**Student:** 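Quick one: this structure, given as structure tokens, is what I'll be asking you about.
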Amino acid sequence: EAQRQFELALKRAKDPSQQARIYHKLAWCYYRQKRTNDAIDSMKKGIALAQGDQEKFLSIREEGLRDLAIYYAESGRVDEAIDYFKRNAGGGEKGEEKLIKVLEKLGKEYERTGQTDKAKQVYDVLLKFHKSDDSSFRVAAKLVDLDIMKQDFESAYQRLPVFYKIGRA
């Protein structure tokens, strides 16, 4: 029902600020229905409308980027996320760093709320950035800790070579 109302409101809205907000809310409707592709597309449209340099769009854009990172992480579309953030969240390395920070916060939030499988999924995404710094080491350690916490000792053991790769990169 909410989805239908937002879709109708979108057809009537003329102001880009209103349209950006509606796309943001519509994306969440799709996400809750497990329609991740539609959620990503809708959020991208909202962010594009909020790309203007006007101050009123800033919070919509920042919220949209954060939420989009969630959708990408849970759908496993890592390469697409990296590409999108490089192009739309500050350009190049700056966009990639923004994505990494958002994903780190998301992983911590999943850990805090006891959603360890989702936390592991996000941390696995973070390791794909192939950074050879302290944050990658911490992420790898968190993954091992989560595996041990779930008594999945085989997975914890299989993750150990990652530490060697991080140290040598």
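Just so we're clear, the structure is a prediction, and the values are computed from it rather than from any experiment.
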**Student:** Give, for atom NZ of Lys150 and atom CG of Asp117, the distance between the pair rounded to the nearest 0.5 Å.
**Tutor:**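 The CG atom of Asp117 is 3.5 Å from NZ of Lys150, to the nearest 0.5 Å.
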**Student:** Going from CZ on Phe6 to NE2 on His24, what distance comes out if it is rounded to the nearest 0.5 angstrom?
**Tutor:**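 NE2 of His24 is found 10.5 Å from CZ of Phe6.
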**Student:** May I have the step-by-step check of salt bridge (Lys or Arg N to Asp or Glu O under 4.0 Å) for Arg66 and Glu109, ending in yes or no?
**Tutor:** CA-CA 13 Å; Arg66 183 198 66 225; Glu109 181 62 18; over 6 Å; no
**Student:** My understanding is that only residues two or more places apart in sequence, or in another chain, count here; which of them pass side-chain hydrogen bond (donor to acceptor under 3.5 Å, both in side chains) with Asp41?
**Tutor:**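 Asp41: no side-chain hydrogen bond (donor to acceptor under 3.5 Å, both in side chains) contacts found.
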**Student:** Quick one: pull up CG in Leu143 and CG in Leu126 and give me the separation to the nearest 0.5 Å.
**Tutor:**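 Leu143 CG to Leu126 CG: 8.5 Å, rounded to 0.5 Å.
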**Student:** How long is the gap from OH on Tyr123 to CG on Leu103, to the nearest 0.5 Å?
**Tutor:**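 CG of Leu103 is found 10.5 Å from OH of Tyr123.
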**Student:** Considering residues, nucleotides and ligands other than Lys44, do more than 12 of their heavy atoms fall under 6.0 Å from its NZ?
**Tutor:**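 Check passes, neighbour count above 12.
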**Student:** Which pair of heavy atoms, one from Gly46 and one from Ala20, lies closest together, and at what distance?
**Tutor:**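 That would be O-CB, 3.6 Å.
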**Student:** In the structure I gave you, are the side-chain heavy atoms of Glu104 and Lys142 within less than 4.5 Å of one another anywhere?
**Tutor:**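 Glu104 vs Lys142: side chains apart.
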**Student:** Could you pull out the closest heavy-atom pair between Ala69 and Val102, with the gap in Å?
**Tutor:**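 Minimum heavy-atom contact is CB-CG1, 3.4 Å.
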**Student:** Do you know which two heavy atoms are closest between Ile40 and Ser75, and how far apart they sit?
**Tutor:**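 Heavy-atom minimum between the residues: CD1-OG, 4.1 Å.
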**Student:** Is Arg159 salt-bridged to Asp124, going by a charged N under 4.0 Å from an acidic O?
**Tutor:**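 The answer is yes: the pair qualifies as a salt bridge.
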**Student:** Above 12 or not: heavy atoms from other molecules or residues under 6.0 Å from CZ of Phe153?
**Tutor:**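 Above 12, so yes.
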**Student:** What I'd like to find out is whether the side chain of Lys120 reaches to under 4.5 Å of the side chain of Asp147, using heavy atoms alone.
**Tutor:**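 Counting from C-beta outward, Lys120 and Asp147 do come under 4.5 Å.
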**Student:** Does either side chain, that of Arg12 or that of Gln19, offer a donor lying less than 3.5 Å from an acceptor on the other one?
**Tutor:**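 Not at all, the side chains of Arg12 and Gln19 share no donor-acceptor pair under 3.5 Å.
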**Student:** Check whether any side-chain heavy atom of Leu99 lies under 4.5 Å from a side-chain heavy atom of Leu65, and answer yes or no.
**Tutor:**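 No, their side chains stay 4.5 Å or more apart.
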**Student:** Any side-chain heavy atom of Met43 sitting closer than 4.5 Å to one from Ile47?
**Tutor:**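 With C-beta onward as the side chain, the pair touches.
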**Student:** So, Trp28 versus Tyr23, ring centres under 6.0 angstrom or not?
**Tutor:**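 No - the distance between ring centres of Trp28 and Tyr23 does not fall below the 6.0 Å cut-off.
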**Student:** I need the minimum non-hydrogen distance between Ala39 and Tyr31, along with the two atoms involved.
**Tutor:**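 Heavy atoms only, the tightest pair is CB-N, 3.8 Å.
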**Student:** Would you say the side chain of Tyr72 lies within less than 4.5 Å of the side chain of Tyr84, judging by non-hydrogen atoms?
**Tutor:**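 Counting from C-beta outward, Tyr84 and Tyr72 do come under 4.5 Å.
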**Student:** Taking the basic N atoms (NZ, or NE/NH1/NH2) and the acidic carboxylate oxygens, is any pair closer than 4.0 Å for Lys108 and Glu111?
**Tutor:**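 No salt bridge links Lys108 with Glu111.
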**Student:** If every non-hydrogen atom of Ile148 is compared with every non-hydrogen atom of Ala156, which pair is closest and at what distance?
**Tutor:**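 So the two residues come closest at CG1-CB, 3.9 Å.
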**Student:** Report the distance from atom CG of Leu68 to atom OG of Ser42, rounding to the nearest 0.5 Å.
**Tutor:**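 The OG atom of Ser42 is 10.5 Å from CG of Leu68, to the nearest 0.5 Å.
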**Student:** Is a salt bridge present between Arg4 and Glu1, judged by a nitrogen-to-oxygen distance below 4.0 Å?
**Tutor:**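 Salt bridge: yes.
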**Student:** Which heavy atom of Gly107 sits nearest to which heavy atom of Ala119, and what is that distance?
**Tutor:**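 Smallest heavy-atom distance, with atoms named: O-CB, 3.7 Å.
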**Student:** Got a second to check how far Leu10's CG is from Lys45's NZ, nearest 0.5 Å?
**Tutor:**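 It is 8.0 Å, given to the nearest 0.5 Å.
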**Student:** Using side-chain heavy atoms (C-beta onward) and a distance below 4.5 Å, is Ile22 in contact with Lys25?
**Tutor:**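 They are not in side-chain contact.
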